[in-house]
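Take a look at the structure below.
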Amino acid sequence: MSVFNASRLLGKTVLVTGASAGIGAAGSNVILAARRTDALKAVTEACVAAHKEAGVQGGGKFAAVQLDVSDRKQIASFFERVPEDLKKVDILVNNAGFVLGVDRVGNLAEDEIESMFSVNVLGLIAMTQLLVKGEISVVEELTLDS
Ligand SMILES: NC(=O)c1ccc[n+]([C@@H]2O[C@H](COP(=O)([O-])OP(=O)(O)OC[C@H]3O[C@@H](n4cnc5c(N)ncnc54)[C@H](OP(=O)(O)O)[C@@H]3O)[C@@H](O)[C@H]2O)c1
């Protein structure tokens, strides 16, 4: 039994941070964001191939956008680098992250802890804020128009 109905993803636009390591065949549009452009290009090509192979009708638009989620300036200008037809994001997958600082307490390297928090925690919060702000401005536009 499947616990997840993939048809809910049909035609949605999904933004995946830390995406230079794989997603693609569920019929969604996907914005793949991470720092390494060569790895992003390879994953984007794999997504295009997976979508073609799956033969689903929806989705199929993929865009690779370079992004360091620990860099506030890059986050602020993120949507300037997203293609026009993918700017309305339905789902954010805050995947960017890694594990450092696993030494015994007392030997922890503070720069490792700081770097992990700046990506895994502060980056996640900043990306979530960016997307929620976008949602709010869309709701406001709808309210003003109606
Ligand atoms: N693997 C596990 O067993 C496991 C278990 C529990 C939770 N998780 C969590 O699942 C997530 C993915 O883990 P993983 O094992 O797939 O890690 P991974 O193979 O090391 O991949 C990490 C991804 O994050 C990206 N990334 C790192 N720093 C970034 C930054 N500053 N800005 C944007 N992207 C960044 C990397 O791309 P670039 O280097 O190209 O930026 C890469 O695509 C992490 O949040 C991890 O904590 C993993």
Side-chain angles (χ1 to χ4, degrees), residues 1-103 107-142 145:
M1 186 187 80
S2 171
V3 293
F4 181 73
N5 182 357
S7 68
R8 289 192 303 164
L9 296 176
L10 200 66
K12 301 288 187 196
T13 296
V14 185
L15 164 59
V16 186
T17 68
S20 49
I23 185 171
S28 297
N29 305 308
V30 185
I31 305 164
L32 303 110
R35 295 165 303 174
R36 290 169 296 149
T37 49
D38 50 346
L40 277 179
K41 185 168 179 282
V43 176
T44 307
E45 286 168 2
C47 286
V48 171
H51 182 265
K52 200 173 168 188
E53 193 177 325
V56 285
Q57 292 298 313
K61 293 175 191 166
F62 300 102
V65 180
Q66 189 172 31
L67 173 70
D68 181 339
V69 299
S70 67
D71 183 328
R72 298 299 167 88
K73 281 191 183 151
Q74 286 190 30
I75 290 180
S77 64
F78 177 71
F79 276 105
E80 292 167 19
R81 302 191 296 284
V82 172
E84 207 55 46
D85 56 349
L86 294 179
K87 283 191 198 291
K88 169 77 182 71
V89 172
D90 300 293
I91 299 163
L92 166 65
V93 181
N94 264 316
N95 173 69
F98 45 80
V99 176
L100 292 174
V102 291
D103 296 325
N107 294 329
L108 295 175
E110 286 190 12
D111 60 334
E112 288 192 348
I113 303 295
E114 278 170 14
S115 133
M116 188 172 68
F117 268 72
S118 72
V119 173
N120 298 17
V121 180
L122 302 180
L124 178 151
I125 292 169
M127 287 306 293
T128 305
Q129 291 245 86
L130 180 75
L131 271 288
V132 169
K133 266 187 205 159
E135 263 317 298
I136 289 169
S137 64
V138 168
V139 171
E140 281 170 355
E141 273 172 33
L142 287 174
D145 287 350

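Computed over heavy atoms, backbone and side chain alike; hydrogens, waters and symmetry mates excluded.
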Keeping to residues at least two apart or across chains, list the salt bridge (Lys or Arg N to Asp or Glu O under 4.0 Å) pairs with something in [range].
| range | value |
| --- | --- |
| residues 69-81 | none |
| residues 48-59 | none |
| residues 58-67 | K61-D85 |

Within-4.5 Å side-chain heavy-atom neighbours: [X] and [Y]:
| X | Y | result |
| --- | --- | --- |
| L92 | L15 | yes |
| F79 | L131 | yes |
| L67 | M127 | yes |
| L124 | V69 | no |
| F78 | I31 | yes |

Compare every heavy atom of [Y] with every heavy atom of [X], then report the nearest pair and how far apart it is.
| X | Y | answer |
| --- | --- | --- |
| A63 | L86 | CB-CD1, 3.7 Å |
| A64 | L40 | CB-CB, 4.0 Å |
| M116 | F98 | CG-O, 3.4 Å |

Which value, rounded to the nearest 0.5 Å, describes the distance between T13 atom OG1 and I91 atom CD1?
->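 Reported value, rounded in 0.5 Å steps: 8.5 Å.
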Hits for side-chain contact (heavy atoms from CB on, under 4.5 Å) against D38, two or more places apart or cross-chain, chain-then-number order -> R36
Those residues that, when tested against E45, pass salt bridge (Lys or Arg N to Asp or Glu O under 4.0 Å) (two or more places apart) =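 Checked E45 against salt bridge (Lys or Arg N to Asp or Glu O under 4.0 Å); matches are K41.
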Ignoring hydrogens and geometry, is there a side-chain-to-backbone donor-acceptor pair from D103 to L108 under 3.5 Å?
-> no
Exam field: side chain Q74 to backbone D68, donor-acceptor pair closer than 3.5 Å |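 Yes, the answer is positive, given that a donor and an acceptor are paired below the 3.5 Å cut-off.
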Could you note down all residue pairs passing side chain to side chain donor-acceptor pair (under 3.5 Å) where residues 109-123 supplies at least one of them, sequence neighbours left out?
->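 As it turns out, there is no side chain to side chain donor-acceptor pair (under 3.5 Å) pair with a partner in residues 109-123 once direct neighbours are skipped.
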